[in-house]
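A note on names: the letters A, B, ... follow the listed sequences, proteins ahead of strands, and every chain is numbered from 1.
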Amino acid sequence: MDDQTRMLTGLTGLAGLAQADVGDQDSVRKQQSLGQPQQDIGDILQQIMAITDESLDEAQARKHALNCHRMKPALFSVLCEIKEKTVLSIRGVQEEDPPDPQIMRLDNMLLAEGVSGPEKGGGSAAAAAAAAAAGGSPTDSSIEHSDYRAKLAQIRQIYHSELEKYEQACSEFTNHVMNLLREQSRTRPISPKEIERMVAIIHRKFSSIQMQLKQSTCEAVMILRSRFLDARRKRRNFNKQATEVLNEYFYSHLSNPYPSEEAKEELAKKCAITVSQVSNWFGNKRIRYKKNIGKFQEEANLYAVKTAVDAANVSAQASQANSPATPNSGGYPAPCYTPDGRL
DNA sequence: CGGGATGATTAGTT
DNA sequence: AACTAATCATCCCG
């Protein structure tokens with residue numbers, strides 16, 4: 001505010017100077033008669049120095065007098081016109097305001113993440129969808145999920161309060177500048193159009209600040225996401241029954257442990273996991289089995305027995321050549337199956 | 001707590 | 001697109 005008043009008094013002072021030049025016949029005559037450039041400069045300097053000694057009341061009086069001058073409106077409009085033609089025409093060229101693709105991307109992400117969207121529902125729904133996509137079973141994810149939601153809500157709250165602060169600051173500043181320009185338009189050629197443009201410039205500046213806020217919010221959300229929703233970080237072992245089903249399939253197809261797409265789907269359904277989890281499991285199992293067959297020997301025997309028993313139970317009548325464990329002519333060595341191993 | 005087990009991810013291959 | 005091999009990050013048991 002100090003700047004503003006200082007600026008205004010300074011300007012009105014200059015206005016007063018101008019008026020003094022026009023109105024004071026004595027000084028005009030003095031300048032004409034002396035004709036010395038040095039005298040002129042000295043005179044002007046004298047007047048400038050005098051401005052600082054003027055009281056505010058004097059200055060206001062001069063300002064008022066200037067405003068009431070009959071030539072003022074005409075002069076003002078002419079000056080505005082000239083200014084429009086020169087300075088503003090250059091600035092006017094870069095007036096286009098294309099929707100920044102980056103800010104659009106950020107907006108979309110914040111919306112998708114539930115940070116900038118409607119209050120509660122969107123966020124949790126998105127998070128739940130993400131959790132489900134990550135493959136977590138719906139029961140065990142709830143605890144960490146609530147933690148995640150709390151953190152997300154925190155980010156969201158910070159985001160909104162910051163945004164509000166920015167918006168308030170922006171409108172406050174805009175108002176301030178508009179008032180200032182309106183005030184100055186009494187003494188300087190400032191057209192409403194120029195004020196409008198100035199407002200646009202301010203908004204652009206503030207939106208770039210907003211973009212920074214959005215960017216950092218996005219970053220925070222991404223970190224939170226990777227911290228909480230990265231499936232690796234909340235890995236749960238499959239339950240015993242699921243592992244059993246998978247192992248059963250694996251060891252009964254040891255010669256070719258590559259389940260078809262349908263088989264994977266079937267296994268996934270049986271184990272209450274996703275198809276890609278089945279694929280992961282088989283990938284891991286194959287490589288780990290191959291790497292250290294000895295270590296898996298016991299397990300292999302166990303499941304070989306199990307499947308053998310199952311096969312015997314299921315096809316009791318046509319049992320001889322139909323055991324699934326028998327076709328073993330491929331990549332993986334057969335388990336060292338010992339029929340007498342503890343049953 | 002340390003280390004093996006294990007589910008997920010990733011780079012590279014076929 | 002599916003697979004291998006290596007690796008990561010976590011689980012979990014002694």
Side-chain angles (χ1 to χ4, degrees), chain A residues 109 112-113 124-152 154-155 218-307 324-325 327-338 341-342:
Chain A
M109 193 200 141
E113 226 53 61
S124 59
S137 62
T139 44
D140 65 13
S141 65
S142 55
I143 299 160
E144 289 159 70
H145 188 195
S146 71
D147 203 1
Y148 171 81
R149 236 168 32 199
K151 288 269 176 22
L152 188 68
Q154 202 180 325
I155 289 174
C218 273
E219 232 166 79
V221 170
M222 289 309 265
I223 290 165
L224 184 70
R225 241 172 174 293
S226 68
R227 179 85 185 77
F228 279 88
L229 295 181
D230 186 346
R232 272 201 291 206
R233 290 183 187 276
K234 60 174 186 102
R235 181 179 69 76
R236 287 284 123 88
N237 291 355
F238 300 151
N239 61 43
K240 215 166 165 88
Q241 184 253 336
T243 314
E244 209 148 292
V245 169
L246 293 167
N247 271 318
E248 220 165 276
Y249 188 98
F250 180 78
Y251 286 112
S252 64
H253 297 75
L254 202 53
S255 59
N256 185 34
Y258 296 87
S260 64
E261 194 58 34
E262 297 94 74
K264 281 184 195 169
E265 278 166 26
E266 173 110 15
L267 287 165
K269 202 156 69 176
K270 259 199 240 177
C271 302
I273 57 178
T274 67
V275 172
S276 57
Q277 281 179 304
V278 172
S279 297
N280 284 339
W281 190 91
F282 272 88
N284 284 323
K285 191 72 183 180
R286 278 191 299 262
I287 196 71
R288 284 164 186 164
Y289 180 83
K290 199 176 93 171
K291 240 179 178 172
N292 192 351
I293 295 170
K295 201 172 67 184
F296 289 91
Q297 205 57 247
E298 204 180 325
E299 192 179 63
N301 292 341
L302 188 77
Y303 282 101
V305 169
K306 203 176 280 203
T307 50
N328 185 20
S329 58
Y332 290 85
C336 198
Y337 173 44
T338 49
R342 308 177 298 104

More than 12 foreign heavy atoms under 6.0 Å from NZ of A/Lys270: is that the case here? no
At under 4.0 Å between heavy atoms, what does A/Lys264 touch on the DNA or RNA strands: base, sugar-phosphate, or nothing? sugar-phosphate
If you look only at distance, which donor and acceptor atoms sit under 3.5 Å apart when one is on a side chain in residues 238-246 of chain A and the other is two or more places apart or in another chain?
| residue | atom | partner | partner atom | Å |
| --- | --- | --- | --- | --- |
| A/Asn239 | OD1 | A/Gln241 | N | 3.3 |
| A/Asn239 | OD1 | A/Ala242 | N | 2.7 |
| A/Thr243 | OG1 | A/Asn239 | O | 3.0 |
| A/Glu244 | OE2 | A/Lys306 | NZ | 3.4 |

For B/dT6, take OP1 and OP2 only and decide whether either is under 4.0 Å from a side-chain N or O of A/Asn284. no
Here the distance between atom P of B/dG7 and atom CG of A/Asn247, to the nearest Å, is 9 Å
In whole angstrom, what separates A/Lys240's NZ from C/dC11's P? 19 Å
Quick one: is C/dA5 close enough that its OP1 or OP2 comes under 4.0 Å of any side-chain N or O from A/Tyr289? no
So, is A/Lys285 near the phosphate of B/dT6, with a side-chain N or O under 4.0 Å from OP1 or OP2? no
Are A/Leu267 and A/Trp281 packed together at the side-chain level, in the sense that at least one heavy-atom pair is separated by less than 4.5 angstrom? no
Value in whole Å for how far the P atom of B/dA8 lies from CG of A/Asn280: 5 Å
Rounded to whole Å, please give me the gap between CD in A/Glu261 and C1' in C/dA1. 10 Å
Short side-chain N/O contact from A/Gln277 to OP1 or OP2 of B/dG7, under 4.0 Å: no
So which protein nitrogen or oxygen atoms get under 3.5 Å of nucleotides 12-14 of chain C's nitrogens or oxygens?
none

